[in-house]
Number of protein chains: 2
Amino acid sequence: MSDLTAALEVVGARWALLIVEQLLEGPQRYGDLQRALGTPTNMLATRLRELEAAGVLVRLPLRHNTRAYALTDRGLALREAIDALGRWGAEQREGDSGR
Amino acid sequence: MSDLTAALEVVGARWALLIVEQLLEGPQRYGDLQRALGTPTNMLATRLRELEAAGVLVRLPLRHNTRAYALTDRGLALREAIDALGRWGAEQREGDSGR
DNA sequence: GTCCATACTTGCAAAAAACAAGTGTATTGT
DNA sequence: ACAATACACTTGTTTTTTGCAAGTATGGAC
């Protein structure tokens, strides 16, 4: 199993990288993520559970029954990969006319 | 739609990035990819069609009924992102004992 | 106590992926 | 000429994942 396979097992599922990208802007609550990304609520709940289990993020209890999701060091370390993919995606769109 | 979303629309599907990673080592034939990655054959065919349509790779006819798949410039430009994800995946595995 | 917000869960349908088997074309061996 | 083999796929069918809609649990605010 390659290093890339190992990475994709954790963040290869749909929505996973988008959730991490959103959290790179700072800790956010469930509803914030949902509104920002448009993720179906059951998928968001599932992904957050998996990413927490993988040590990418943690739940921080706020007041009442609310909590914030925040990236761990491991999660923050995805910034480089996310930026690289984002740059590629941007280049992609520049030359769209040709396709 | 963010740049990351644009990128994931092209290479976010299962197997897509693994196929590109494999082709970073040079043009290869269908059977080579299948053996190297263990991809189900119908999925491999589907992904190759999609990646070709997206301009990530091209089919090069060899002799007879064989062809090689080779990355375009756009495909080669994924190297940075793949390397970054691979490095993250490798770090991930170093600290596995804790989970 | 009623209303609202937040953070989910549950049930079901649709889409995607995996598995298994088969097809068409050319090549090699006899 | 004919059988056996290689290559690049396609075609069903089952299983898994995703999406949609609705409902539940908890904690204030009024």
Side-chain angles (χ1 to χ4, degrees), chain A residues 1-2 4-23 25-54 56-72 75, chain B residues 1-2 4-23 25-54 56-72 75:
Chain A
M1 196 229 262
S2 71
L4 181 59
T5 306
L8 292 177
E9 281 196 357
V10 178
V11 293
R14 198 169 292 180
W15 298 109
L17 268 188
L18 292 168
I19 291 167
V20 174
E21 183 192 33
Q22 188 65 28
L23 290 177
E25 295 181 13
Q28 293 176 57
R29 289 173 307 164
Y30 188 95
D32 298 332
L33 290 168
Q34 190 168 254
R35 278 182 291 276
L37 300 174
T39 317
T41 179
N42 53 349
M43 283 295 99
L44 182 55
T46 301
R47 287 291 105 83
L48 288 172
R49 228 181 291 125
E50 293 166 351
L51 291 171
E52 187 187 17
V56 172
L57 53 80
V58 290
R59 270 162 224 249
L60 304 176
L62 301 182
R63 36 207 90 230
H64 325 318
N65 58 342
T66 71
R67 30 200 157 291
Y69 292 91
L71 295 178
T72 61
Chain B
M1 195 228 260
S2 71
L4 181 58
T5 305
L8 291 178
E9 283 197 353
V10 178
V11 293
R14 200 169 293 178
W15 299 107
L17 268 188
L18 292 169
I19 290 167
V20 175
E21 184 193 32
Q22 187 64 29
L23 289 178
E25 296 181 13
Q28 293 177 56
R29 288 172 307 163
Y30 188 94
D32 298 333
L33 289 168
Q34 188 167 250
R35 277 183 291 277
L37 300 174
T39 318
T41 181
N42 53 350
M43 282 298 100
L44 182 55
T46 301
R47 286 293 103 82
L48 288 172
R49 229 181 290 127
E50 293 167 351
L51 291 171
E52 187 186 16
V56 171
L57 53 81
V58 291
R59 270 162 222 246
L60 304 176
L62 301 182
R63 35 208 85 228
H64 325 320
N65 58 340
T66 71
R67 30 200 157 290
Y69 292 90
L71 296 178
T72 60

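Predicted model only: the values in this text are computed from it and were never measured. Computation of the quantities below employed the complete heavy-atom set of this structure, encompassing side-chain atoms and omitting hydrogens, waters and symmetry-equivalent molecules. In the text below, chain A, chain B and the rest are named by the order of the sequence lines, each starting its count at 1.
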- Item | B:D32 CG to D:dA8 C1', straight-line distance once rounded to whole Å | 12 Å
- Message: Under 4.0 Å between a side-chain nitrogen and a carboxylate oxygen: does that hold for B:R49 and B:E52?
- Response: no
- Any side-chain donor-acceptor pair under 3.5 Å between A:R59 and A:Y69? yes
- Query: So, is B:R49 near the phosphate of D:dA8, with a side-chain N or O under 4.0 Å from OP1 or OP2?
  - Reply: no
- Item | Range on DNA chain C touched by chain A, heavy atoms, distance below 4.0 Å | C:dT6 to C:dG11
- Note on the structure: Expected string for nucleotides 17-30 of chain D under the B/S/- scheme (protein heavy atoms, under 4.0 Å, primed atoms plus P, OP1, OP2 as sugar-phosphate) is -SBB-B---BSS--
- Message: Under 4.0 Å, heavy atoms only, any strand: does B:R35 hit a base, just the sugar-phosphate, or nothing?
- Response: nothing
- Query: Are any side-chain N or O atoms of A:R67 and backbone N or O atoms of A:Y30, one a donor and one an acceptor, separated by less than 3.5 Å?
  - Reply: no
- Hits for side-chain contact (heavy atoms from CB on, under 4.5 Å) against A:A36, two or more places apart or cross-chain, chain-then-number order -> A:Q22
- Task: Figure out the CD/P separation between B:Q28 and D:dA8, and round it to whole Å.
- Result: 12 Å
- Query: Going from CD on A:E25 to CG on A:L71, what distance comes out if it is rounded to the nearest 0.5 angstrom?
  - Reply: 11.0 Å
- Measure the CG-CG distance between B:L37 and B:L44 for me, rounded to the nearest 0.5 Å. 7.5 Å
- Establish, with yes or no, whether the OP1 or OP2 oxygen of D:dC9 is under 4.0 angstrom from a side-chain nitrogen or oxygen of B:Y69. yes
